[in-house]
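So the structure is just underneath, and the comments pick up after that.
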Amino acid sequence: MIKKLSSYIREYKRPAIFTSLFVAMEVVVEVLIPQCMAKIIDIGLPAGNIGYVTKIGILMIFMAMLSLAFGVLSGRNAATAGAGFAKNLRQELFYKVQELSFANIDKFSTASLVTRLTTDVNHVQMAFSMIIRMLVRSPMMLVSALFMCFTVNVRLTLIFLCVIPILAGSIIFIMTKAMPSFRSMFKKYDVVNRVVQENLTNVRTVKAFVREDFETDKFEEATGDLYNFSIRAEKLMNLTSPVMQFCMYLTILLISWIGAKLVINSTMLTGQLMSMFTYVQQILSSLMMISMSIVMMSMAKTSGDRILEVIEEEVDLTNCADPDEEVIDGSIRFENVSFSYYKDINRLALENINLEIPSGTTVGIIGGTGSSKTTLVQLIPRLYDATAGTVYVGGKDVKTYDLDALRENVAVVLQKNVLFSGTIKENLRWGNENATDEELIHACKLAAADSFIQSFPDGYDTYIEQGGTNVSGGQKQRLCIARALLKKPKILILDDSTSAVDTATDAMIRKAFREEIPNTTKLIIAQRISSVQDADMIVVMDDGRINGIGTHDELVQNNTIYSEIYISQMKGSEE
């Protein structure tokens, strides 16, 4: 994992190396300062040599300033390296998410991906910054201070060698127990993010159904679970501090006791004992830093695994070796197509679909809820791949096309209409970023959207709030249809995309399609018979299978499901 993650340091290797270099130089200076202090106490003061004391004092000030400078430089370089590493990691994650198919994204969840892009990357960044500073400084300080202790007094130094194994064993035990709690804690982060995201996205629905109390209870349950696992992990990790304090005070007590005897017996000087106390502080603070680094690395390991899980996810929709770049026409053919969201032939959403649609045909698709109408059309632009059988577009297997080229020629207006923050013009140009104002207006007229846009004070420069909350459902649908038309596609798929407009506007849109884009193959999924009854061909879906194909008049006479839908809607209309 470390090797894979470290590959994303890339152009920030230089500041990372400089960080470690400056930290090492800072440590060298710091371990020399106690020696200067010992010389002042043992040599300068007993002899009353003020000149010597002044000279060593100035040297100590210079070394302290040097240590400060090295600390500042290491901190600046660490900040640059850490932020750059996090930037590269987030970019890699985001680019990977863009490559993932619907099936790949279904495997994770939106909330989980957000957590990995934010919280998990932050943990890894903090661990990286700690590694290039603390995990260089602490071991080097530990070794250097121990070496200096041996040069001062071997007997007192042996005390450390007895305490360190106790401390190391305690830390390893604590970390082993804490790791499972950290893993569970990050999963609970995903749950909390999901609850928050759902609530904020659907806040109008929550208020309309007066479900604030229910959502509050759900949020409290999610945060309660996160709290419990966090407390469990933190309780274990907080044991490191008392263990460290115990070892530190035990060491200081033993050194004070034994050192005092050595000074009384004149086998050790007072300055040397004072320097030993300083080295004790350096050694034990180094051990404390190492334990903190281990804690952070433990959290980062869980986060790193989650990040790499996304980065290493195998994308199940890829281009073939030599993909076709041109879609000749909008003809569509399904040949013995079956599909399962679970890649399980025993759990099929579509089963044995055989359907041929000539280019330029208007096709209506109708059926009950859960009959897999949307699933059928999602196979055309390869939002999913067929589990069995072949889907052809323009006479070629869709898998032979370059994905971008195929999707540029297939415009899809999905069930859930999405607009982004920005002006109406900016939203429309998702269909064609180089579209002129005249092309925007023409597409909006075809989608019966121009009239309401012109009624806004700012017209096409009207700002759309996040999610399109300042326009109605019908207006949002028409803007999305206009956006799709700007692609000038060979195939246009409308997935129940006029459900929020009145029948008169629906008829205007269909009339514009017939007259303005006669060569575009149009697939219209609808619940209303009136939206598809004038189509060249109507496909009736039932439980993932084609139940009937024909014109409106043929299906009314020969298809039970279609005639029942027609009769029920006609009665409703009469009533």
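Heavy-atom basis, side chains included; hydrogens, waters and symmetry copies ignored.
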Subject >> Pair Tyr12-Lys87, side-chain donor/acceptor within less than 3.5 Å >> reply: yes
**OP:** Kindly indicate, with the supporting measurements, whether the criterion side chain to side chain contact (heavy atoms under 4.5 Å, CB included) is fulfilled by Lys425 and Leu440.
**Re:** CA-CA 8 Å; Lys425 281 184 180 179; Leu440 296 181; 3.8 Å; yes
Original post:
With a 4.5 Å limit on heavy-atom distance, are the side chains of Asp120 and Thr115 in contact?
Top reply: yes
Original post:
Are side-chain heavy atoms of Ile493 and Val413 found at a separation under 4.5 Å?
Top reply: no
**OP:** Report the distance from atom CG of Leu5 to atom CG of Leu308, rounding to the nearest 0.5 Å.
**Re:** 4.5 Å
**OP:** Please step through side chain to side chain contact (heavy atoms under 4.5 Å, CB included) for the pair Lys490 and Thr521, ending with a clear verdict.
**Re:** CA-CA 6 Å; Lys490 291 185 170 62; Thr521 304; over 6 Å; no
**OP:** For Ile549 and Asn559, run side chain to side chain contact (heavy atoms under 4.5 Å, CB included): C-alpha distance rounded to whole Å, both residues' side-chain angles, the deciding distance at 0.1 Å, then the answer.
**Re:** CA-CA 9 Å; Ile549 301 175; Asn559 188 271; over 6 Å; no
Subject >> Arg211 to Phe214 six-membered ring, cation-pi geometry met (6.0 Å, 45°) >> reply: yes
Original post:
Are the charged groups of Arg528 and Asp506 less than 4.0 angstrom apart, N to O?
Top reply: yes
Original post:
If you measure from the Lys or Arg side-chain nitrogens to the Asp or Glu carboxylate oxygens, is any gap between Glu215 and Lys218 under 4.0 Å?
Top reply: yes
**OP:** Check whether more than 12 heavy atoms from other residues, nucleotides or ligands sit under 6.0 Å from atom CD of Gln98, and answer yes or no.
**Re:** yes
**OP:** Identify whether the distance between the nearest side-chain nitrogen and carboxylate oxygen of Arg10 and Glu92 falls below 4.0 Å.
**Re:** yes
**OP:** For the pair Glu312 and Lys96, find out whether any cationic side-chain nitrogen is under 4.0 Å from an anionic carboxylate oxygen.
**Re:** no
Original post:
Counting only N and O atoms by type, is there a donor-acceptor contact under 3.5 Å from the side chain of Ser340 to the main-chain atoms of Arg347?
Top reply: yes
**OP:** Tell me, with the steps shown, if Val532 and Ile525 meet side chain to side chain contact (heavy atoms under 4.5 Å, CB included).
**Re:** CA-CA 8 Å; Val532 298; Ile525 296 176; over 6 Å; no
Original post:
With side chains defined as the heavy atoms from C-beta onward, is the minimum distance between Phe513 and Ile481 less than 4.5 Å?
Top reply: yes
Subject >> Side-chain ion pair, Arg382 and Asp385, N-O less than 4.0 Å >> reply: yes
Original post:
Looking only at heavy atoms, what is the nearest atom pair of Ala78 and Ile132, with distance?
Top reply: CA-CD1, 3.9 Å
Subject >> All side chain to side chain donor-acceptor pair (under 3.5 Å) counterparts of Lys396, not counting sequence neighbours >> reply: none
Original post:
Would you say Tyr460 and Thr423 make side-chain contact, with heavy atoms under 4.5 Å?
Top reply: no
Original post:
Between Phe85 and Tyr8, does the ring centroid distance fall short of 6.0 Å?
Top reply: no
Subject >> Inter-residue atom distance Ser20.OG - Arg137.CZ, 0.5 Å rounding >> reply: 13.0 Å
Original post:
Is there a donor in the side chain of Ser359 and an acceptor in the side chain of Asp329, or the other way round, less than 3.5 Å apart?
Top reply: no
Original post:
Below 4.5 Å, heavy atoms only, C-beta onward: do Ile464 and Ser421 meet side chain to side chain?
Top reply: no
Original post:
Counting N and O atoms only, with roles assigned by atom type, does the side chain of Asp397 sit under 3.5 Å from a partner on the main chain of Lys399, one being a donor and the other an acceptor?
Top reply: yes
Original post:
What distance do Asp324 atom CG and Thr400 atom OG1 have between them, rounded to the nearest 0.5 Å?
Top reply: 4.5 Å
Original post:
Can you check whether Val124 reaches Ser303 side chain to side chain, under 4.5 Å on heavy atoms?
Top reply: yes
Subject >> Spatial distance of atom OG (Ser371) from atom CG (Leu350) [nearest 0.5 Å] >> reply: 9.5 Å
Original post:
Closest heavy-atom contact between Arg478 and Ala449?
Top reply: CB-CB, 3.9 Å
Original post:
Ignoring hydrogens and geometry, is there a side-chain-to-backbone donor-acceptor pair from Ser531 to Ala526 under 3.5 Å?
Top reply: no
Original post:
Can you name the side chain to side chain donor-acceptor pair (under 3.5 Å) partners of Asp225, sequence neighbours left out?
Top reply: none
Subject >> Test item: Asn228 side-chain N/O and Gly224 main-chain N/O as donor-acceptor pair under 3.5 Å >> reply: yes
Subject >> Short side-chain to backbone donor-acceptor contact, Thr362 and Lys522, under 3.5 Å >> reply: no
Original post:
Is there a donor-acceptor pair under 3.5 Å between the side chain of Tyr401 and the backbone N or O of Val393?
Top reply: yes
Subject >> Donor-acceptor pair between Thr374 and Asp495 side chains, under 3.5 angstrom >> reply: yes
Subject >> Counterpart residues, salt bridge (Lys or Arg N to Asp or Glu O under 4.0 Å), relative to Glu335 (two or more places apart) >> reply: Arg333
Original post:
For Phe420, does the CZ atom have more than 12 heavy-atom neighbours from other residues, nucleotides or ligands under 6.0 Å away?
Top reply: yes
Original post:
Would you find a donor on one side and an acceptor on the other, under 3.5 Å apart, between the side chain of Asn547 and the backbone of Met541?
Top reply: no
Subject >> Pair Arg90, Asn122: side-chain N/O donor-acceptor within cut-off below 3.5 Å >> reply: yes
Original post:
Judged by atom type as modelled, is there a donor-acceptor pair below 3.5 Å linking the side chain of Asn470 to the main-chain atoms of Glu465?
Top reply: yes
**OP:** Working to the nearest 0.5 Å, report the span between CG of Leu494 and CD1 of Ile524.
**Re:** 5.5 Å
Subject >> Tyr341 and Thr375: side chain donor to acceptor below 3.5 Å >> reply: yes
**OP:** Apply the test ring pair (Phe, Tyr, Trp, His ring centres under 6.0 Å) to residues Tyr392 and Phe334: give CA-CA distance (whole Å), side-chain angles for both, the deciding distance (0.1 Å), then the verdict.
**Re:** CA-CA 6 Å; Tyr392 296 91; Phe334 289 81; 9.7 Å; no
Subject >> Heavy-atom pair of closest approach, residues Gly389 and Ala386 >> reply: O-CB, 4.1 Å
Subject >> Min side-chain heavy-atom separation Leu355-Met537 under 4.5 Å >> reply: yes
Original post:
Measuring from Leu492:CG to Asn409:CG, what's the distance to the nearest 0.5 Å?
Top reply: 12.5 Å
Original post:
Does any N or O in the side chain of Lys373 come within less than 3.5 Å of the main-chain N or O of Gly367, such that one atom is a donor and the other an acceptor?
Top reply: yes
Subject >> Leu403 to Leu317 - nearest heavy-atom pair and separation >> reply: CD1-O, 3.7 Å
Original post:
Are any of the side-chain heavy atoms of Tyr562 and Ile366 separated by less than 4.5 Å?
Top reply: yes
Subject >> Nearest atoms (heavy-atom pairs only) where Ile424 meets Leu479 >> reply: CG2-CD2, 4.0 Å
Subject >> Salt-bridge contact Arg429-Glu439 (side-chain N to carboxylate O under 4.0 Å) >> reply: no
**OP:** Answer yes when Lys488 and Glu408 have at least one side-chain N-carboxylate O distance shorter than 4.0 Å, and no when they do not.
**Re:** no
**OP:** Can you see which heavy atom on Ala535 is nearest to which on Gly364, and at what distance?
**Re:** CB-N, 3.7 Å
Original post:
Any sub-3.5 Å donor-acceptor pair from Arg407's side-chain atoms to Pro381's backbone N or O?
Top reply: yes
**OP:** Establish, from distance only, whether the side-chain atoms of Arg116 and Ser112 form a donor-acceptor pair under 3.5 Å.
**Re:** yes
Original post:
So, Thr80 and Asn77: side-chain donor and acceptor under 3.5 Å apart, yes or no?
Top reply: no
Original post:
Does CE in Met140 sit with more than 12 non-hydrogen atoms of other residues, nucleotides or ligands closer than 6.0 Å?
Top reply: yes
